[in-house]
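The block underneath contains the structure these notes are about, expressed in structure tokens.
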Protein chains: 2
Amino acid sequence: MARSDTRYREAYNRILAYCETLPLDAQIPSETQLGDIAGVSRTVIRRCLSRLAELGVIVWNGRDKRLLRMPRPEDRIAVPEAGSHSADLEQRFLDWVLRFDVPANTALSVAELSRTFDVPQHELKEFLAGLSRFGLVQRRPEGGWRLLGFTKGFAIELSDFRTILELHAVSQVAEAPVDHPVWAQLAKIRDDHVQLRAHMDSDFHEFSKLDERFHQAVNSVVRNRFTVEFQKVISLIFHYHYMWDKTEEKDRNAAAIEEHLAIIDALEARDAAAARNAAQRHLRTSKTTLLSSLRQHDLG
Amino acid sequence: MARSDTRYREAYNRILAYCETLPLDAQIPSETQLGDIAGVSRTVIRRCLSRLAELGVIVWNGRDKRLLRMPRPEDRIAVPEAGSHSADLEQRFLDWVLRFDVPANTALSVAELSRTFDVPQHELKEFLAGLSRFGLVQRRPEGGWRLLGFTKGFAIELSDFRTILELHAVSQVAEAPVDHPVWAQLAKIRDDHVQLRAHMDSDFHEFSKLDERFHQAVNSVVRNRFTVEFQKVISLIFHYHYMWDKTEEKDRNAAAIEEHLAIIDALEARDAAAARNAAQRHLRTSKTTLLSSLRQHDLG
DNA sequence: TCAATGTATTTAATAATTAAATGCTACATG
DNA sequence: CATGTAGCATTTAATTATTAAATACATTGA
């Protein structure tokens, strides 16, 4: 009927474990210190002490707190399963949208999403509020939310935004010092490209992973909290769409390999302008592919 | 104790007004049609019809709904004041943060904010969840939120991000067709710059507004949902910091006028490269100013 | 037959409830 | 008597419960 007491339960077990490290009859530290040990407020600590005294583990009279007997396994209190995988909600949500091709303008029910993702409703509300900042969802006047994404307009603007960020990243790479880790990464990635090109006929499916590694490496040079959030969403969307658009996959991947190599060539020559041009060509291709994949799914 | 019935109350008054347009004894449209008129579901419409029947305005027996008498002013129902200014919450929140120099790592209490901004708590939670996507706030492990912004690191990354977006915008302007409205705007803005320069000694405070107009015009060329959100936040933060950092304001503004004019010159000459260079110079100055203003407020 | 109403179910906004944090006062102890 | 500690009171926030509203389904009547 109200908030859970998981915090108390976890703190209690932690304090109990701490008691095990003490000798019998030892003085127990002050409430404030115990609070620091368990990472909770004094309010919670006092609840813990109450229970410890009740079970006869300690004697508690004001400042006089002493260990009466060693804690036993049955003194521990049950903690109700962390369960909810709130952590990777974003990943799972985008995965769901893209995997099931949830069409634009679909009404999103918090109650339903809460069930399918096994996450409390209020967390979902917060999550959706966050996504609305990216223009992926929007509040409906009649209540609830609406999925906006993955129209043609969305794809175009997403691609454009990606281009802006990635061209900047490429410029940054070109100016990175020789001892920057990106150079080693790019060298390895170049080799892998060359190798894949040699076995293209059989292994062309492998390109998707390589593509992600390449863009990841380039973008890793930019250290900016504003871009990092976007890159996560962007790379997910492009990644999935490439995986599903199977038309001419081999030719497309072969072309992309050459484009990647052109970018790496220019970067290693420290020719920023050439690198930008090569990157621009590559990103234009990506945009076209994304758009045609949308057309295929009849979402244009 | 539960959600408000404002929706019903507004719908009721709207239906009442609709009844006034009907002749006496006229048939009233179907529930579905009334729902379309008032923009609500049939559930709400049936509540409205119940009340109308109770007051004797209509007679309602299944499908037979007729107007018994003309509605009177006292038939209307009170609507409980829209009140909450949820609309400009973002503006007011950032204004508050910047005006009172709320230091980084301040704990934000939803209850308190809810009072000071006169907005329901759950709306504030959603709002903060949105801001967390921009890295402005963060959840605290012990509950609630923490203001992150306005450290040196934040200012640097914000400036860098602004630079990325704005350099792109400048490139776009340079390629805009001659009949694009931006050219007329820029011409006017150039005149205003020249005029202000002539009366700089007395009117230098006017520059702040001019600065906002200039950047607004340049960015207006880019139509992208992802950049629009950011620009709002960015321009607010820069705007306020400029207003408050009074050191050498006149000199700073005079220099900025020249920098703006240089950008406009290059743009009107359709020299994209020169425009980008000029913009880069200007944005570097801005970044320095923002950082020194932070140092002044001891937030570094 | 089909559009309208009647009824049931589901969803979402929001207050109520309880856990937990925070703040203040009084006290004990060196 | 200063400082840290416990006791007590207040405030805040997570989470449930409640009610308004939307939606889905069944029934009816022209």
For [X], all residues meeting side-chain hydrogen bond (donor to acceptor under 3.5 Å, both in side chains), sequence neighbours excluded:
X: Asn61(B); result: none
X: Glu126(A); result: Arg139(B)
X: Ser4(B); result: Thr6(B)
X: Asn224(B); result: none

Sequence neighbours excluded, which residues qualify as ring-ring contact (aromatic ring centres under 6.0 Å, His included) partners of Tyr12(A)?
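Testing Tyr12(A) for ring-ring contact (aromatic ring centres under 6.0 Å, His included), a comparison that skips the adjacent residues, returns none.
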
Atom pair distance, as rounded to whole Å: [atom1] in [X] and [atom2] in [N]:
X: Leu49(A); N: dG7(D); atom1: CG; atom2: C1'; result: 13 Å
X: Glu123(B); N: dA13(C); atom1: CD; atom2: C1'; result: 10 Å
X: Glu112(B); N: dT22(C); atom1: CD; atom2: P; result: 13 Å
X: Gln121(A); N: dA17(D); atom1: CD; atom2: P; result: 12 Å

Positions of residues 124-138 of chain A (non-hydrogen atom under 4.0 Å from DNA chain D), listed by number:
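Listed by number, there are none.
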
Under the ring-ring contact (aromatic ring centres under 6.0 Å, His included) definition, can you give me all pairs with a residue in residues 118-145 of chain B, not counting sequence neighbours?
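The answer is Phe93(B)-Phe127(B), Phe134(B)-Phe230(B).
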
Can you list the steps and then say if Ile28(A) with Leu22(A) is a side-chain contact (heavy atoms from CB on, under 4.5 Å)?
CA-CA 8 Å; Ile28(A) 292 167; Leu22(A) 295 176; 4.2 Å; yes

N/O donor-acceptor pairs under 3.5 Å from side chains in residues 43-50 of chain A, not counting sequence neighbours:
from: Arg46(A); atom 1: NE; to: Glu31(A); atom 2: OE1; distance (Å): 3.3
from: Arg46(A); atom 1: NE; to: Glu31(A); atom 2: OE2; distance (Å): 3.2
from: Ser50(A); atom 1: OG; to: Arg46(A); atom 2: O; distance (Å): 3.1

Would you tell me if any nitrogen or oxygen in the side chain of [X] comes within less than 4.0 Å of OP1 or OP2 on [N]?
X: Lys65(B); N: dA4(C); value: no
X: Arg139(B); N: dA14(D); value: yes
X: His122(A); N: dT15(D); value: yes

Any base atoms under 4.0 Å from Leu113(A), or only sugar-phosphate, or nothing? Heavy atoms, all strands.
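Nothing: the residue Leu113(A), judged by heavy atoms under 4.0 Å, touches no strand.
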
For the CZ atom on Arg140(A), are there more than 12 heavy atoms of other groups (residues, nucleotides or ligands in this structure) within a distance under 6.0 Å?
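It does: Arg140(A) CZ has more than 12 such atoms within range.
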
Just wondering, do Tyr18(B) and Leu34(B) contact through their side chains at under 4.5 Å, heavy atoms?
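When only atoms from C-beta onward are counted, Tyr18(B) and Leu34(B) do touch, with a gap below 4.5 Å.
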
Would you mind reporting whether Leu147(B) and Val137(B) have side-chain heavy atoms less than 4.5 Å apart?
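Side-chain contact under 4.5 Å: yes.
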
Scan for salt bridge (Lys or Arg N to Asp or Glu O under 4.0 Å) pairs involving residues 8-21 of chain A, sequence neighbours excluded, and state none if there are none.
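As it turns out, the salt bridge (Lys or Arg N to Asp or Glu O under 4.0 Å) pairs with a partner in residues 8-21 of chain A, which skip direct neighbours, are Asp5(A)-Arg9(A).
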
Let's see if you get this right: which residues in residues 10-37 of chain A place a heavy atom under 4.0 Å from DNA chain C?
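Per residue number, the list is empty: none.
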
Worked verdict on Tyr8(B) versus Ile77(B) for side-chain contact (heavy atoms from CB on, under 4.5 Å):
CA-CA 10 Å; Tyr8(B) 152 65; Ile77(B) 195 172; 4.1 Å; yes

Please encode protein proximity along nucleotides 20-30 of chain D as a string of B, S and -, counting only heavy-atom distances under 4.0 Å.
BSBBB---B--

State, to the nearest 10°, the angle formed by the axis through the first five base pairs of the helix from dT1(C)-dA30(D) to dG30(C)-dC1(D) and the axis through its last five.
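What I find for the helix from dT1(C)-dA30(D) to dG30(C)-dC1(D) is an axis angle of 10°.
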
